[in-house]
Number of protein chains: 2
Amino acid sequence: MTVSSHTLDNFDRKILDIVQVANRTTSEEIAEQVALSPAAVQRRLKRMREQQVILSDVSVVNPKAVGRGMTFVVQVSLERERADLIDTFKDGMRNNPAVQQCYYVTGNSDFILIVTAADMDDYERFTRTAFFENSNVRSFQTNVVMAPVKVSLCIPVGTETADPDPA
Amino acid sequence: MTVSSHTLDNFDRKILDIVQVANRTTSEEIAEQVALSPAAVQRRLKRMREQQVILSDVSVVNPKAVGRGMTFVVQVSLERERADLIDTFKDGMRNNPAVQQCYYVTGNSDFILIVTAADMDDYERFTRTAFFENSNVRSFQTNVVMAPVKVSLCIPVGTETADPDPA
DNA sequence: GGTGAAAACGTTACGAG
DNA sequence: CTCGTAACGTTTTCACC
């Protein structure tokens, strides 16, 4: 694995817990909370970014503030599960800005998407180009999101209670 | 609406396009790309954070680097759609760290979840506490994610070609 | 990993359009 | 009302212990 679990220690985990909900927290504040010097915090953050433990640092934009009031969960079944067709579909999703998330899954459907749109018309337009004009899409089922209860990319890092003592 | 679309202009939109994929970009770099001074960029970012156009600033943690190799999409149906039971379920999801995302939807299911787990056993444990021990959950259906094709919280901001002239 | 100095960055006040 | 410039305070970075 290239993303080697370079064995994060509990300091790393605590730091991750903080920055994954607020990455503009100053190293000084983090340092206080984890009982380390600001410089040490920065060194660890730098290392984790280089090692791809931290993949990216992003601002979360309010969809409503930007004219994207609606969210949909869509289950898509392909006509034939051929590797090249699946890859083509994946690329289409990746390049479609309306598609926020796309998962290739086992089970009844082949793909599950999270899609945003300004309104129903906008979504209808999306389905036309993404699904109806794609002969490889057998069927799709849409769920309209009434309320996003929780939307996060946070990962439970799970600070261990006891340190596995190497001594 | 409290999140008033304080009419973002094209500068704001361009800035959002940048920070929503890399919020550690310096104002100087952003300034170059949008043709503004660094101070103006900072002022706009500050305003958008205050106005909740930017909801938060987060580090995206690599799930694999942190022992969360598996992702599931789960559709949940409740026994009875009573407002108080729905709220209770929502709170449970919000407080469960395994639940990354939770959407309250129309359609066949009531909720759709994105759940992460270390492995199958871990997921099985999650279903036990979250679903089986909850008498209000009628049924749930799990899709195992084979490959996350696209995972983002980016919103298409859509810099307008022409500014709607208010004159 | 800690400390402190130097460099980079964000913030604010000011004058101008 | 928002820009740009420039001074100021803060934060990060780096060399050294």
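Hydrogens, waters and symmetry mates play no part in the numbers below; they use all other heavy atoms, side chains included. Note that the structure is a prediction, hence the values are computed from the model and not measured. Naming convention: chains lettered A, B, ... in sequence-line order (proteins, then strands); numbering from 1 in each chain.
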Checklist entry - Under the side chain to side chain contact (heavy atoms under 4.5 Å, CB included) criterion, do B/Val58 and A/Cys154 qualify, and how do the steps go? => result CA-CA 9 Å; B/Val58 307; A/Cys154 293; 5.8 Å; no

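If you measure from atom CD of B/Glu29 to atom P of C/dC9, you get 8 Å, rounded to the nearest angstrom. Atoms CG (A/Asp9) and P (C/dG1) sit 7 Å apart, rounded to a whole Å. Separating the CZ atom of B/Arg47 from the P atom of D/dC1 is a distance of 12 Å, rounded to the nearest angstrom. As rounded to whole Å, 13 Å separates atom P of D/dC3 from atom CG of B/Asn10. When the P atom of D/dC3 is taken as reference, atom CG of B/Leu45 falls 12 Å away, rounded to whole Å. A straight line from CD1 of A/Ile30 to P of C/dG1 spans 14 Å, rounded to a whole angstrom.
When every heavy atom of A/Lys150 is checked against every heavy atom of B/Gln100, the shortest pair comes out as CG-O, 3.8 Å.
Classification of the A/Phe89-A/Phe131 ring pair by plane angle, with boundaries at 30° and 60°, yields parallel.
Salt bridge status for A/Asp57 with A/Arg49: present, with a side-chain N to carboxylate O gap under 4.0 Å.
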Item to check | Contact state string [nucleotides 10-15 of chain C, B base, S sugar-phosphate only, - no protein heavy atom under 4.0 Å] | outcome: SBBB--

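Among the candidates B/Glu32, B/Arg43, B/Gln42, the single residue satisfying the side-chain hydrogen bond (donor to acceptor under 3.5 Å, both in side chains) test with B/Ser27 is B/Gln42.
At a threshold of 4.5 Å between non-hydrogen side-chain atoms, the residues A/Phe140 and A/Phe132 count as touching.
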